[in-house]
Protein chains: 2
Amino acid sequence: MIAKSMESYVTGSSAIRAMFEEGAKLAKIYGAENVYDFSLGNPNLNPPEEIKQAILDVLNEEEPTFVHGYMNNAGYEDVRAKIAEHLNKKFSATLKADNILMTVGAAGGLNVIFKTLLDPGDEVIVFAPYFGEYRSYIANYSGKLVTIPPNTETFQPNLETLKGSITQKTKAVLINSPNNPTGVVYSEATLKELAAILTEKEKEFGIDIYLVADEPYRELVYDGAEVPYVPHYFKNTIIGYSYSKSLSLPGDRIGYLVVPEEVADFENLMVAASTANRIMGFVNAPSLMQRMVARCLDCSVDIEIYNRNREALYNGLTDFGYECIKPEGSFYLFVKAPIEDDVAFCRVAKDYRILIVPGSAFGCPGYVRIVYCVAYDTIIHALPQFKKLIEDIKNK
Amino acid sequence: MIAKSMESYVTGSSAIRAMFEEGAKLAKIYGAENVYDFSLGNPNLNPPEEIKQAILDVLNEEEPTFVHGYMNNAGYEDVRAKIAEHLNKKFSATLKADNILMTVGAAGGLNVIFKTLLDPGDEVIVFAPYFGEYRSYIANYSGKLVTIPPNTETFQPNLETLKGSITQKTKAVLINSPNNPTGVVYSEATLKELAAILTEKEKEFGIDIYLVADEPYRELVYDGAEVPYVPHYFKNTIIGYSYSKSLSLPGDRIGYLVVPEEVADFENLMVAASTANRIMGFVNAPSLMQRMVARCLDCSVDIEIYNRNREALYNGLTDFGYECIKPEGSFYLFVKAPIEDDVAFCRVAKDYRILIVPGSAFGCPGYVRIVYCVAYDTIIHALPQFKKLIEDIKNK
């Protein structure tokens, strides 16, 4: 028999499977091109051409036992040094190889950092809406998830409530900007205020609070928006990054953690994190992918394609009367459900062959997440269906 | 501050670092070519030529968003089907895609399976000597490691002691054949007796006991030795496999779990394991590597090179008076330390510029592990030093 801790996942998983199966059934009945799947954050853009060339170059130019072999559990020294240098240029930082730990994507990185930091019962604060997987990443180490309710005006984190939620047991605050599911970029003002609160509470309780910034969407921003470099605002910041979205290779599992030297208990933390990477079974981030990204630090998918999707979907939906913040980043719209029950709304949407995810999955009922890392045509063809959907609801 | 559970790792890690630093110091003084490093199981053979070609073919022939995208957390359906078919041919099994779960190497696979199975306090039995990382893989899920002392005559598992060590809380027995560190292949007779004991104890306690077979060295066998297919002997067998050694790509992190349909609680177990793969942050095994191995199922490094190393090292050492079982598999020799204290012996060996690992690290004091996945010349040049070492000890 499986572990008790996994039983609820099995139950939940069958609900997800049921949803997929219904989607597959719809595709069978109406044809796949007539089912509008906005449910999965799986990038639809090809990786930049440079990626393939860089892999070929690594295979042709570098020593095979080096390219495919074990290295330091933290990653190749030269790759980490290059990433540090790249970040220094981009953010006027002063990182070295020792501040970078290569990880199996951002999901791997977050698990490594929570394994490194959390004792059972330690509290980790997240701001709703938040990526639902965070629940597991924290529960894996018997941490306690503390949720701050959303500020649905701006979807900036609700800092007033944060103040009263920090306790002696607060070990970390986890933020995600540009945000999944809202697309909102946390502003400089937000980060300054957040830092002030954390600093004050660190003093009040005599503790260190780590600010973990999950930034897989950092490169996906529009209208000239800038994502502030969080360590400039708060000393105890750890960044989790992934190339999944900026290079469109989520399956290859490559990312890194940034731990600046100013972070509390820095030296022990880096040894522990690198050990965690090993003993959790990652051992090291995929080696060929490490070698590849070191050659592609300035590459990115063509954001303009996502931007066109964003404009089409946002303008279309708001024209029809849907309510939604215009997102500055990532590839999600977070739309107010036109009926109160977001789960019910997603069920109704399915009758219009539209697949979307309820906000409840992100700790924010009453809203739905619509991804736009899909073909432009999917959006164009789906818009009349979205229109019909809201009209039918209003005419009921 | 880091988690309490990670503190001992930080302490231990500084001991390992000290060892590496001493090795580096020796290399500086005597030249790297005059330091004989037999401490790391990092294959020295290039991956087979087909690997590079297969990667190029995948990149040239398959759709980029497919190759680099997310797929089912268990892995690509077609890759799993091909691996199942490959195993069916090789072992007269009846596996399907659903019995295979692609993992981030064997280390990832073992962590996934223990996350899936273990409730806090559940016991996992291992036979000394055993790969030291197992301690962490079990502790990660608050499992209790139960160690069976070695049978130093044959280094087959000590089944008499096993019988008395199984309790109501036994959840799994973890075996590793061909074995790290001994190179011993567990015989058919061993597996039959082991299966009989497990079956008897399952009945006695009214429990399911999972036999987890860690088989990263399955393809590395010599003198025509065969590694029995464990599910033929015991119904509740789960196999962990990795291409790290057979294809010489440990850094790329690609392997799989085999869970035959007869395994207790099969359906829940597969859903839970695939969920565990996701929530632990692996998400899925590296996608390009999955696509590659499906094209290289019959490939292997040239075992004859390891065999030549094995013969040279084994014959040399035993000629000098070292005591050692002749290993049938993997790329390790497990040699009796000529002085009682294996840790002290490793320290002395360092004075002869020989780096080896004490058996204590494998739960088997009094022995040392010597790897032979090194250059043949390293062995040839080191042999006179090994000779001097044992002579000096005997003449003391």
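Heavy-atom distances place the backbone of A285(B), and not its side chain, under 4.5 Å from chain A. Neither the backbone nor the side chain of D122(B) has a heavy atom closer than 4.5 Å to any heavy atom of chain A. Contacts between K115(B) and chain A at a heavy-atom distance below 4.5 Å involve backbone atoms as well as side-chain atoms. Both the backbone and the side chain of N268(A) come within less than 4.5 Å of a heavy atom in chain B. For a residue to count as touching a neighbouring chain, one of its non-hydrogen atoms must lie under 4.5 Å from one of that chain's; by this rule N46(B) touches chain A with backbone and side chain alike. In this structure, chain A has no heavy atom under 4.5 Å from any part of F114(B). L110(B) does not touch chain A: none of its heavy atoms, backbone or side chain, sits under 4.5 Å away. Neither the backbone nor the side chain of E267(B) comes within less than 4.5 Å of any heavy atom in chain A. Neither the backbone nor the side chain of F266(A) has a heavy atom closer than 4.5 Å to any heavy atom of chain B.
Residues P47(A) and P64(B) share a closest heavy-atom pair of CD-CB, 3.7 Å. Taking both residues in full, the closest heavy atoms of D252(A) and P286(B) are given as O-CB, 4.2 Å, listed atom of the first, atom of the second, then distance. The two residues N42(B) and Y70(A) make their nearest non-hydrogen contact at OD1-N, 3.2 Å. Annotation for V283(A) and A107(B): closest pair CG2-CB, 3.8 Å, computed over non-hydrogen atoms. When all heavy atoms are compared, the tightest approach of M289(B) to L288(A) is CE-CD2, 3.5 Å.
Here the OG1-CE distance, from T116(B) to M6(A), works out to 5.0 Å after rounding to the nearest 0.5 Å. Separating the CE atom in M280(A) from the CZ atom in F282(B) is a distance of 7.0 Å, to the nearest 0.5 Å.
Of the residues considered (L118(B), N44(B), T65(B), V104(B)), T65(B) shows the highest number of contacts with chain A, using heavy-atom pairs under 4.5 Å. Heavy-atom pairs under 4.5 Å with chain B were tallied for L59(A), I207(A), I254(A), T103(A); the largest tally goes to L59(A). When the candidates N111(A), L269(A), D208(A), I279(A) are compared by the number of heavy-atom contacts under 4.5 Å with chain B, I279(A) comes out ahead. Of the listed residues V263(B), V112(B), N284(B), the one with more heavy-atom pairs under 4.5 angstrom with chain A than any other is N284(B). For chain A, the option among G108(B), P120(B), G69(B) with the highest count of heavy-atom pairs below 4.5 Å is G69(B). When each of E63(B), K171(B), M71(B), R135(B) is checked for heavy-atom pairs under 4.5 Å with chain A, K171(B) comes out on top. Highest contact tally toward chain B, considering only L45(A), L40(A), D119(A), V67(A), is held by D119(A) [criterion: heavy-atom pairs under 4.5 Å].
Heavy-atom neighbours of E62(B) CD from other residues, nucleotides or ligands within 6.0 Å: above the threshold of 12. No more than 12 heavy atoms of other residues, nucleotides or ligands lie within 6.0 Å of NZ in K144(B), so this atom counts as exposed by the packing criterion.
In terms of modelled atom types and a separation under 3.5 Å, the side chain of Y210(B) and the main chain of M1(A) share a donor-acceptor contact. At least one donor-acceptor pair closer than 3.5 Å links the side chain of D265(A) to the backbone N or O of I2(B).
Side-chain contact between R253(B) and R253(A) is absent, with no heavy atoms from C-beta onward closer than 4.5 Å.
Of all residues spanning residues 48-57 of chain B, those with a heavy atom less than 4.5 Å away from chain A's heavy atoms are K52(B), I55(B), L56(B), arranged by number.
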